[in-house]
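Data first, discussion second: the structure below is written as structure tokens.
Model, not experiment: these values are computed from the prediction. Atoms within a ligand are numbered from 1 in the order they appear, just like the ligands themselves.
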Amino acid sequence: MTDVVLREDEGRVAILTVNRPDKMNALNQAVRDRMLEHLTAIGTDDSIGVVVITGAGEKAFIAGADIGEFEGRSSFDQRKAMESPRIFDVMATFPKPVIAMINGFCLGGGCELSMSCDMRIASEKARFGQPEIKLGLIPGGSGTQRMPRLVGMGHAMRLILSGDMIPAAEAEKIGLVEMVVPAEELRAKTLELASKIASMSPLTVRVAKEALRASERLAIEEGLLYERDLFCLCFSTEDKKEGVEAFLAKRQAEWKGR
Ligand code: COA
């Protein structure tokens with residue numbers, strides 16, 4: 001049977017590829033379950049520092065939830081399908097950074113998945129949108145909450161209420177992605193960034209992600225106190241000692257992850 005999410009490791013980077021190219025990599029239950037299995041394994045795998053999520057083939061990153069699964073579903077069936085753990089929340093709170101490598105159509109649940117990742121790098125051929133309104137639905141994978149935080153309320157309203165698709169260049173302009181690169185350079189550029197992050201102290205990267213994510217839910221005063229506490233916590237790690245000593249001795253740091 002076809003594996004609907006493939007895992008491939010490149011050094012300390014794990015690449016997870018949604019593998020339903022004939023269905024534009026639409027997210028069905030099997031994809032969500034397999035993605036969670038991989039993430040559970042990677043979460044405790046010390047050989048991996050960063051996760052990259054992408055889609056198989058040249059056309060789509062992920063063209064949304066599998067619309068076929070919506071047909072005939074009751075509210076309660078849908079509620080059950082959306083019970084925790086949800087991949088969107090798992091990505092956002094994952095202990096290692098997650099990068100979306102967006103190779104094509106990035107729509108609906110695919111766009112929401114990319115927004116749940118920590119960073120987004122897109123091919124110039126990618127296209128973005130939240131087309132749920134055309135199905136008589138609203139985004140249900142965090143789009144109404146994450147999109148305005150990323151691009152501002154006006155752009156989020158425009159995209160979610162119209163269902164319009166926008167090209168990668170515009171997505172970059174409004175802040176929906178951080179970087180747009182030629183299609184043939186997408187993998188190399190993504191791996192370059194992912195490998196650089198994965199070469200840092202995994203412990204410190206984890207704490208930095210936690211502090212950054214906290215800024216999404218805390219008021220500024222609480223956030224600053226939380227950052228101060230996490231900064232001070234770093235002073236108890238071997239990696240802080242190593243990093244400072246290596247700088248002063250003008251040598252490369254060798255991280256222990258402790
Ligand atoms: N769910 C289920 N199947 C999907 C899908 C989705 N979200 N997106 C695409 N597919 C399927 C198509 O039904 C088609 O299957 P088939 O070959 O068995 O008929 C196949 O993927 C190829 O898609 P197709 O529409 O023929 O390709 P296209 O290049 O003409 O258009 C899209 C590509 C992405 C613009 C178009 O497929 C589309 O609009 N998809 C739905 C996007 C959406 O509404 N997402 C939000 C869902 S909540």
Query raised in the report: For ligand 1, does Leu107 get within less than 4.0 Å through its side chain, its backbone, both, or neither, judged by non-hydrogen atoms?
Result: side chain

Query raised in the report: Ignoring hydrogens and geometry, is there a side-chain-to-backbone donor-acceptor pair from Lys96 to Arg206 under 3.5 Å?
Result: no

Query raised in the report: Quick one: does Lys125's side chain have a donor or acceptor within less than 3.5 Å of a partner on Ala168's backbone?
Result: no

**Report entry** Verdict with reasoning, Glu210 to Arg213, per salt bridge (Lys or Arg N to Asp or Glu O under 4.0 Å)
**Finding:** CA-CA 5 Å; Glu210 194 178 323; Arg213 284 288 180 182; over 6 Å; no

Requested in this report: Evaluate the 4.0 Å heavy atom contact test for atom 43 (C) of ligand 1: does a protein atom fall under the cut-off?
Outcome: yes

Report task. Looking only at protein heavy atoms, identify the closest one to atom 14 (C) of ligand 1 and say how far it is in Å. Result -> Asp22 O, 4.4 Å

Requested in this report: Find the distance between CD1 (Ile220) and OG (Ser215) and round it off to the nearest 0.5 Å.
Outcome: 8.0 Å

Report summary line: Numbered in order shown, the ligand 1 atoms found under 4.0 Å of a heavy atom of Lys59 are 29 (O)

Report summary line: Looking only at protein heavy atoms, what sits closest to atom 45 (N) of ligand 1 is Ala63 O, 3.1 Å

Query - ligand 1 N/O within reach of Gly68 N/O, cut-off under 3.5 Å - result: no

Report task. Say whether Arg258 and Thr237, considering side chains only, have a donor N or O and an acceptor N or O under 3.5 Å apart. Result -> no

Requested in this report: Return yes when at least one protein heavy atom is under 4.0 Å from atom 7 (N) of ligand 1, and no when none is.
Outcome: yes

Query raised in the report: Would Ser162 and Arg158 count as having a side-chain donor-acceptor pair, cut-off 3.5 Å?
Result: no

Requested in this report: Verify, without hydrogens or angle tests, whether Glu8 (side chain) and Ile15 (backbone) share a donor-acceptor contact under 3.5 angstrom.
Outcome: no

Query - Short N or O distance, Ala65 and ligand 1, threshold 3.5 Å exclusive - result: yes

Query raised in the report: Which residue owns the protein heavy atom closest to atom 33 (C) of ligand 1, what's the atom, and how far is it?
Result: Phe105 CE1, 3.8 Å

Query - From Met101, Met179, Glu185, Glu178, residue fulfilling side chain to side chain contact (heavy atoms under 4.5 Å, CB included) relative to Ile121 - result: Met179

Query raised in the report: So, for atom 23 (O) of ligand 1, does the protein have a heavy atom nearer than 4.0 Å?
Result: yes

Query raised in the report: Roughly how far, to the nearest 0.5 Å, is CD of Gln145 from CD of Glu112?
Result: 10.5 Å

**Report entry** Heavy-atom proximity to atom 48 (S) of ligand 1, best of Glu132, Glu69, Glu112
**Finding:** Glu132

Query raised in the report: Can you check whether Leu135 has an N/O within less than 3.5 Å of an N/O in ligand 1?
Result: no

Query - Short N-O contact, Lys196 and Glu192, less than 4.0 angstrom - result: no

Requested in this report: Return yes if some donor-acceptor pair links the side-chain N/O of Asn28 with the main-chain N/O of Ala30 below 3.5 Å, else return no.
Outcome: yes

Report summary line: Per-atom filter on ligand 1: closer than 4.0 angstrom to a heavy atom of Asp66 are 1 (N), 2 (C)

Query raised in the report: Taking the minimum heavy-atom distance to atom 15 (O) of ligand 1, which of Lys134, Lys23, Arg20 ranks first?
Result: Lys23

Query raised in the report: Hey, is Pro131 touching ligand 1 through its side chain, its backbone, both or neither, going by heavy atoms under 4.0 Å?
Result: side chain

Query - Protein heavy-atom partner closest to atom 9 (C) of ligand 1 - residue, atom, separation in Å - result: Met24 CG, 3.5 Å

**Report entry** Non-hydrogen protein atom less than 4.0 angstrom from atom 1 (N) of ligand 1
**Finding:** yes

Report summary line: atom 41 (C) of ligand 1 has as its nearest protein heavy atom Ile67 CD1, 3.9 Å

Query raised in the report: With distance as the sole criterion, is a donor-acceptor pair present between the side chains of Ser47 and Asp45 under 3.5 Å?
Result: yes

Report task. Determine, counting only non-hydrogen atoms of the protein, whether one lies under 4.0 angstrom from atom 20 (C) of ligand 1. Result -> yes

